[in-house]
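Below you'll find the structure, written out as structure tokens, and then a few comments.
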Amino acid sequence: MLAKYFPEQEKLKLASIMRDSYVKMPGNKSGYNKINAAYYYGGRELLKKTIQENFDIKVDHVAVIDFQGFVKMVDLLAPEGVAVNVDQEIIDDMSIQASVGKNVLHGEEILKYVRFRHDDESDFGRVERQQEVMVQIKTAFINQISSFEGMAALPSIIEQGLSYLDTDIGLKTIMEMGPKAVFHTPDTVETLRVPVEGSFKDEIYPQSGAVLEMDYTKNKKALQEFF
């Protein structure tokens with residue numbers, strides 16, 4: 001997921017690149033692979049290079065979080081939970097403690113919610129749920145720090161949150177961004193999914209398995225125009 005914050009415009013943009021997107025991968029013997037293989041083979045640096053080579057988007061910073069870190073981060077930033085619509089398929093497949101319809105879920109259950117992909121929408125539905133939850137967490141965090149008490153607690157929230165992340169964003173930068181988020185609250189959150197609609201086809205390759213083969217020109221243009 002790529003994110004860009006525009007404080008003066010009070011806007012946040014999130015773009016999700018589907019994990020099965022078939023892309024050129026620097027240093028890969030076959031030349032191409034799924035984009036999620038970039039992180040597997042070369043960590044954040046290869047992933048950044050892969051994004052730049054395919055979409056001409058320069059990634060300034062990277063933040064990595066694992067499943068347990070995600071659970072703790074959700075409960076830290078949205079302590080009152082996240083409201084989502086849950087259907088029977090998700091409840092049965094992920095053993096979510098919820099009822100059909102609107103539910104307020106917390107860390108462990110939200111992790112299950114954003115990981116589910118065993119329905120007709122597969123990874124496409126999962127990406128939508130991930131973006132939906134990110135937007136709600138953003139709103140909950142802003143609400144939490146918008147009071148005097150919240151601002152006073154901000155340094156400890158940031159310190160605790162950083163313990164769940166592996167990131168190259170410096171503490172100074174994060175401390176500067178916190179107050180900006182309060183005074184320039186991103187009311188608008190725009191989202192994009194890559195590959196965009198009508199720009200890909202399902203293919204199978206021996207070295208990668210099932211992939212999404214993209215129209216690179218169309219998707220590169222869409223991502224650049226979005227940001």
Would you mind reporting whether [Y] and [X] have side-chain heavy atoms less than 4.5 Å apart?
X	Y	answer
Ile51	Leu2	yes
Lys48	Glu53	no
Leu105	Val82	no
Val211	Tyr32	no

Determine which pairs satisfy side chain to side chain donor-acceptor pair (under 3.5 Å) with at least one residue from residues 13-27, sequence neighbours left out, and list them in order.
Ser16-Gln131, Arg19-Asp123, Asp20-Lys34, Tyr22-Gln207

Any pair with a residue in residues 71-82 that passes side chain to side chain donor-acceptor pair (under 3.5 Å), sequence neighbours left out, goes on the list, sorted by first then second residue, please.
none

Might you work through the side chain to side chain contact (heavy atoms under 4.5 Å, CB included) test for Met214 and Val23, ending with a clear yes or no?
CA-CA 8 Å; Met214 298 185 288; Val23 295; 3.7 Å; yes

Can you name the nearest heavy-atom pair linking [X] to [Y], along with the distance?
X	Y	result
Val74	His106	CG1-C, 4.5 Å
Val62	Val59	CG2-CG1, 4.1 Å
Thr50	Ala38	OG1-CB, 3.6 Å
Ser199	Pro195	OG-CB, 3.6 Å

When rounded to the nearest 0.5 angstrom, what is the spacing between [atom1] in [X] and [atom2] in [Y]?
X	Y	atom1	atom2	result
Met151	Glu149	CE	CD	11.5 Å
Tyr164	Ile65	OH	CD1	9.0 Å
Glu190	Lys4	CD	NZ	12.0 Å
Phe226	Phe55	CZ	CZ	13.5 Å
Glu89	Asp120	CD	CG	6.5 Å
Glu45	Leu47	CD	CG	9.5 Å

Report all side-chain donor-acceptor pairs from residues 91-101 shorter than 3.5 Å, counting only partners two or more places apart or in another chain.
residue	atom	partner	partner atom	Å
Asp92	OD1	Gln88	NE2	2.9
Asp93	OD1	His118	ND1	3.2
Asp93	OD2	His118	ND1	3.1

Starting from [Y], can I reach [X] by hopping between I/L/V/M/F/W/Y residues whose side chains sit under 4.5 Å apart?
X	Y	value
Val71	Val114	yes
Leu76	Val64	no
Val133	Phe67	yes
Ile110	Leu165	yes
Val194	Ile35	yes

[X]: which residues meet the side chain to side chain contact (heavy atoms under 4.5 Å, CB included) condition with it, sequence neighbours left out?
X	result
Lys49	Pro26
Glu132	Val84, Tyr113, Arg129, Gln136
Val135	Leu14, Val189
Gln224	Asp56, Ile57, Lys220

Residues two or more places apart in sequence or in another chain: which of them pass ring pair (Phe, Tyr, Trp, His ring centres under 6.0 Å) with Phe124?
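Per chain and number, Phe124 pairs via ring pair (Phe, Tyr, Trp, His ring centres under 6.0 Å) with Phe200.
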
In the hydrophobic clustering that connects Ile, Leu, Val, Met, Phe, Trp and Tyr at side-chain heavy-atom distances below 4.5 Å, which members other than Leu46 occupy its cluster, ordered by chain and number?
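Members besides Leu46, by chain and number: Met25, Tyr40, Tyr41.
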
State whether the side chain of Gln144 and the backbone N or O of Leu77 hold a donor-acceptor pair below 3.5 Å, judged by distance alone.
yes

So, does Asp87 use its side chain to make a donor-acceptor pair with the main chain of Ile90 at under 3.5 Å?
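Confirmed, Asp87 side chain pairs with Ile90 backbone.
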
Tell me the salt bridge (Lys or Arg N to Asp or Glu O under 4.0 Å) pairs involving residues 151-167, sequence neighbours left out?
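Residue pairs passing salt bridge (Lys or Arg N to Asp or Glu O under 4.0 Å), neighbours aside: Arg44-Asp166.
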
Please list all pairs meeting salt bridge (Lys or Arg N to Asp or Glu O under 4.0 Å) that have one or both residues in residues 195-217, counting only residues at least two apart or in different chains.
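Found Arg193-Glu197, Lys201-Glu203, Lys201-Glu213.
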
State whether the number of non-hydrogen atoms from other residues, nucleotides or ligands found under 6.0 Å of Asp66 atom CG is greater than 12.
yes

Exceeds 12 heavy-atom contacts within 6.0 angstrom, atom CE of Met134
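Open.
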
Just jot down the salt bridge (charged side-chain N to carboxylate O under 4.0 Å, His left out) partners of Lys58, sequence neighbours excluded, or say none.
Asp60

Could you please spell out the steps behind the side chain to side chain contact (heavy atoms under 4.5 Å, CB included) verdict for Leu171 and Ile158?
CA-CA 9 Å; Leu171 180 61; Ile158 290 174; 4.0 Å; yes

Verify side chain to side chain contact (heavy atoms under 4.5 Å, CB included) between Lys138 and Ile142, making sure each step is shown before the conclusion.
CA-CA 6 Å; Lys138 180 274 301 180; Ile142 295 298; 4.0 Å; yes

Under a 4.0 Å threshold between the charged nitrogen and the carboxylate oxygen, would Lys172 count as salt-bridged to Glu176?
yes

Test: Arg115 cationic atom under 6.0 Å from Phe70 six-membered ring centre, within 45° of axis:
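No, Arg115 does not lie over the aromatic ring of Phe70.
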
